[in-house]
Structures are given as structure tokens and as C-alpha cells.
K.L.:
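My questions will all concern the structure given below.
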Amino acid sequence: MDRGTGPAVLVTGGAGYIGAHTAKALHGRGYRPVVFDDLTSGFREAVQWGPLVEGDIRDADALAETIKTHDIQAVIHFAGLIEVGRSVAKPDLFWEVNVSGTTALLTVMREHGVGQLVFSSSAAVYGQGARGPLETIAETADKAPASPYGDTKLAAEWLIQAQCRAYGLTAVALRYFNAAGADPSGLIGEAHEPETHLIPLAIAAALGDGPPLTIFGQDFETPDGTCLRDYIHVSDLAAAHVAALEAGLAPGAFEAVNVGTGQGRSVAEVVEAVGRAVGCAVPHSLGARRAGDPPSLVADPRRAQEVLGWTPQHSSLDTIVADALRWERKPCYGSGVRGPKGRRKSQIAV
Ligand code: UFG
């Protein structure tokens, strides 16, 4: 494996969707990404741009050993649980992994003099989102998470900010809106199990790899009645992490920054875009609202430009869908991998 020669960056959760794309972006900028992942939801095959250390984010000894062995200079922290619905059923587990895991990491970083952190946060910290369908959400908006998942992301942000004040850590929390798409190389992409996200489900329905899509709710106060979201290409998200590392913030600085485009797209628009890309209408039915879905979650993206000098480059809806489709047609790992007759392994009866 060809390795960069620049500073080593620990990427916790680097075998996951956004983490793997960020490891690739780091490598492309000459850094040496070192992935730390327990592989409970990530994939060994997604780790292609540096070594993989298998470990649990709550295991301080394993983190310390990794930091020493690889001469880690900065950390990008993705490791955590992400399923909103599961967080409602198992809040204690989410606090344990997402908050206690972050505490363990911060302690080890302090003990080993690692002073720079980029944290994977979420628009889930804002809860019910904008007041009106045409309003974007700035970083200063009220924080009222609507799930234990969102609570743990906000709590971890507070913990990190307190350590910046107390110990001079420099940190950026990136609040992602809707991550989507895949690396144009086709080497890495989205592989959640179970998959709950709109774009992969719509593509699976259109390709005949999955059931018809259910559109959750058509009676929201939005222009076409379906929910508005801010879809951001995962390669743009990855670039935002590198920009956060390179933002040149002073010791002790903490910034929480939205990562989105500022453009809301409705579920109906996404379904149309997938239909255009695949060349056939997406089979779908109209269903009830999904519990907890805010009508509109669209970023005010200005702070990312100011603080990180970052703007999205690949996040037109058609580019996102085209890159997602390339991956879904031929995923390299996950249950979507195809058998000899082109059917997904997950669909082949055993
Ligand atoms: N949707 C459908 N049918 C589906 C799946 C989704 O209509 O089968 C709709 C949802 O109702 C929503 C939109 O498509 O309006 C996007 O849904 P996703 O599940 O793709 O994404 P979410 O906006 O629910 O989730 C995102 C992130 C989460 C984060 C959450 C915060 O993926 O990690 O925003 O609200 F927690």
C-alpha cells in the first residue's frame, strides 16, 4: 500500500461510510490515516489508505497504544452509534459508546499531547429543524435534539468544548446534514445494515434489488408536501474534515460548523432524480409520516466557508445520485455485493 509521508491522523470509525471517504481524502493530501474501528458496522474492505487497528472506542489502553505506535498528531473521531430509531430503544448504550467513548478518547489525547480533534456531529442536534420550510438553520439555532442519538452528539460537543477551554485542545465539530453518494472511483460507498436512508433505498427499488420505496408523509408544510433535506456528497463531507484539520485555529479554539449545501431537496425530487438516473420510475407507495421526521432540515452553510474555507464541489443532486448509483450497481462490500447472476447476495436464498 502506498502511504503518505505527512502527519499521522487517527481516524476512529474509519471503516464506516464517512470515515472511509475521509481516510481517502487525507491520504490524497499526504497525511497518513490510521483507522481505529471495531468493525461492528464498518468494513475491513473499506480501509484502503492506511493501517487498520481493531479496537473499541471505550478501550483507553488500545487507543493509547495506537497513538504511541503510530505517532498520531491529530484525531478525526467518527466512531459511534448512528441509528436514530435504535437510540430510542437503547439510550444507555448510545450514551456509553458515543459519550463515554468520546471521554476515553479525549483523556488519552490529553495524556499523549495530541491537541487537535475533528468531531463527527450531526444536524440531529437541532431537533425539529427550521421554523418554516424556506428557512435554513444556522449554528446558533436552538439545540433541541429529538432523539437520544441527537442528545449524545450534543453532549459530546459540550464535553469537547469544555476540554478546549480547560486544556487548550483545538477542535471542530462538523454537524452533517444528509450524507449521500459515493466516491467516484467505485472503491468505497454506503453500506449500512440495515439500510434506512432514502437514496440507497430508492435506487434499490428502481433496480429491483429491494421492495418498492415508501414515501413517508405527503402532508408536511413544504412546497410539495414531502420532507426537505440538505443532501451533501460524501466526498464533499470528507473534504470538510481535511479543511477542518487545516483551518489554522488557535489552541483552545472550538468551532461547531454545519456541513451542508444550503439547498433543500424534497423526497419527491430525490425520487424523480433517481428515476432519471436509472432510466425508469422508482416503484413506490405513499405511506404515513415516520415518527420524529422534521419537515425541513437545511443548513445555513456560511460558517463553513468562513471558518474552513470550504464549499461543496460535488453536491448537485444529479451528481450525488449518479455516484450512489455507480456504487449500488457494483458495491465492493456489504450485503449489496452481487453473486454470479448479478443478484445481491442478501437476496440469494441459502
Ligand atoms: N424517507 C422516505 N422513505 C424511506 C426513507 C426515508 O420517505 O424509506 C424520507 C424520510 O422521511 C426523510 C428523507 O427521506 O424525509 C431522508 O431520510 P433519511 O432516512 O435518508 O435521512 P434522515 O434525514 O432521516 O437522517 C439524517 C441522517 C441521520 C441524522 C438525521 C437527523 O442520516 O444520521 O438526519 O435528523 F440523525
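Read the numbers this way: they start at 1 and go in the same order the structure lists the ligands and their atoms.
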K.L.:
Working to the nearest 0.5 angstrom, can you tell me the gap between Thr66 OG1 and Asp59 CG?
P.N.:
8.5 Å

K.L.:
Which ligand 1 atoms does Thr196 reach within 4.0 Å, using its non-hydrogen atoms?
P.N.:
5 (C), 19 (O)

K.L.:
Check step by step if side-chain hydrogen bond (donor to acceptor under 3.5 Å, both in side chains) holds for His77 and Thr102.
P.N.:
CA-CA 8 Å; His77 176 37; Thr102 301; 3.0 Å; yes

K.L.:
Is the ring pair Tyr17/His192 parallel, tilted or perpendicular, if the boundaries are 30 and 60 degrees?
P.N.:
perpendicular

K.L.:
Just need the protein heavy atom nearest to atom 11 (O) of ligand 1, so name the residue and atom and give the distance.
P.N.:
Asp293 OD2, 2.5 Å

K.L.:
Which ligand 1 atoms does Tyr231 reach within 4.0 Å, using its non-hydrogen atoms?
P.N.:
13 (C), 16 (C)

K.L.:
Could you tell me, atom by atom, which parts of ligand 1 come under 4.0 Å of a heavy atom of Ile215?
P.N.:
7 (O)

K.L.:
For atom 1 (N) of ligand 1, what's the nearest protein heavy-atom neighbour? Residue, atom name and distance, please.
P.N.:
Phe216 CD1, 3.6 Å

K.L.:
Could Arg265 and Tyr231 be counted as a cation-pi pair, given that NZ or CZ must be under 6.0 Å from the ring centre and within 45° of the axis?
P.N.:
no

K.L.:
How far is atom 24 (O) of ligand 1 from the closest protein heavy atom, and which atom is that?
P.N.:
Arg290 NH2, 2.7 Å

K.L.:
Look up atom OG1 in Thr103 and atom CD1 in Ile160, then write down how far apart they are to the nearest 0.5 Å.
P.N.:
9.0 Å

K.L.:
Please check: side-chain N/O of His21 versus main-chain N/O of Gly19, any donor-acceptor pairing under 3.5 Å?
P.N.:
no

K.L.:
Can you sort out which atoms of ligand 1 are near Cys227, meaning under 4.0 Å from one of its heavy atoms?
P.N.:
15 (O)

K.L.:
Which value, rounded to the nearest 0.5 Å, describes the distance between Phe94 atom CZ and Ser147 atom OG?
P.N.:
8.5 Å

K.L.:
Tell me if the centroids of the rings in His241 and Tyr176 come within less than 6.0 Å of each other.
P.N.:
yes

K.L.:
Of all the atoms in ligand 1, which lie at a distance below 4.0 Å from a heavy atom belonging to Tyr149?
P.N.:
36 (F)

K.L.:
Using a heavy-atom cut-off of under 4.0 Å, does the side chain or the backbone of Tyr176 touch ligand 1, or both, or neither?
P.N.:
neither

K.L.:
If you measure from CG on Leu201 to CG on Leu213, what distance do you get to the nearest 0.5 Å?
P.N.:
6.5 Å

K.L.:
Tell me which part of Leu201 gets within contact of ligand 1: side chain, backbone, both or neither, using heavy atoms under 4.0 Å.
P.N.:
side chain

K.L.:
Any idea which protein heavy atom is nearest atom 29 (C) of ligand 1, and the distance to it?
P.N.:
Ser122 OG, 4.0 Å

K.L.:
May I ask you to identify the nearest protein heavy atom to atom 20 (O) of ligand 1, giving residue, atom name and distance to one decimal place in Å?
P.N.:
Leu198 N, 2.8 Å

K.L.:
Provide, to 0.1 Å, the distance between atom 35 (O) of ligand 1 and the closest protein heavy atom, together with that atom's residue and name.
P.N.:
Leu297 CD1, 3.4 Å

K.L.:
Give the atoms of ligand 1, by number and element, whose distance to some non-hydrogen atom of Val84 is under 4.0 Å.
P.N.:
36 (F)

K.L.:
Where does Asn178 meet ligand 1, judged by heavy-atom distances below 4.0 Å: at the side chain, the backbone, both, or neither?
P.N.:
side chain

K.L.:
Counting only heavy atoms not in Lys90 (residues, nucleotides, ligands), do more than 12 fall under 6.0 Å from its NZ?
P.N.:
no

K.L.:
Which distance, rounded to the nearest 0.5 Å, do you find between the CG of Leu93 and the CZ of Arg86?
P.N.:
5.5 Å

K.L.:
Is it the side chain (CB and beyond), the backbone, both or neither of Arg229 that lies under 4.0 Å from ligand 1, heavy atoms counted?
P.N.:
side chain

K.L.:
So which protein heavy atom does atom 27 (C) of ligand 1 come closest to, and at what separation?
P.N.:
His197 NE2, 4.2 Å

K.L.:
Tell me, yes or no, whether the heavy-atom count around Arg289 atom CZ, taken from other residues, nucleotides or ligands under 6.0 Å, exceeds 12.
P.N.:
yes

K.L.:
Which residue from Val267, Thr214, Asp230, Ile199 reaches closest to atom 3 (N) of ligand 1 through any of its heavy atoms?
P.N.:
Thr214

K.L.:
Quick one: does ligand 1 sit under 4.0 Å from the side chain of Tyr126, the backbone, both or neither, non-hydrogen atoms only?
P.N.:
neither

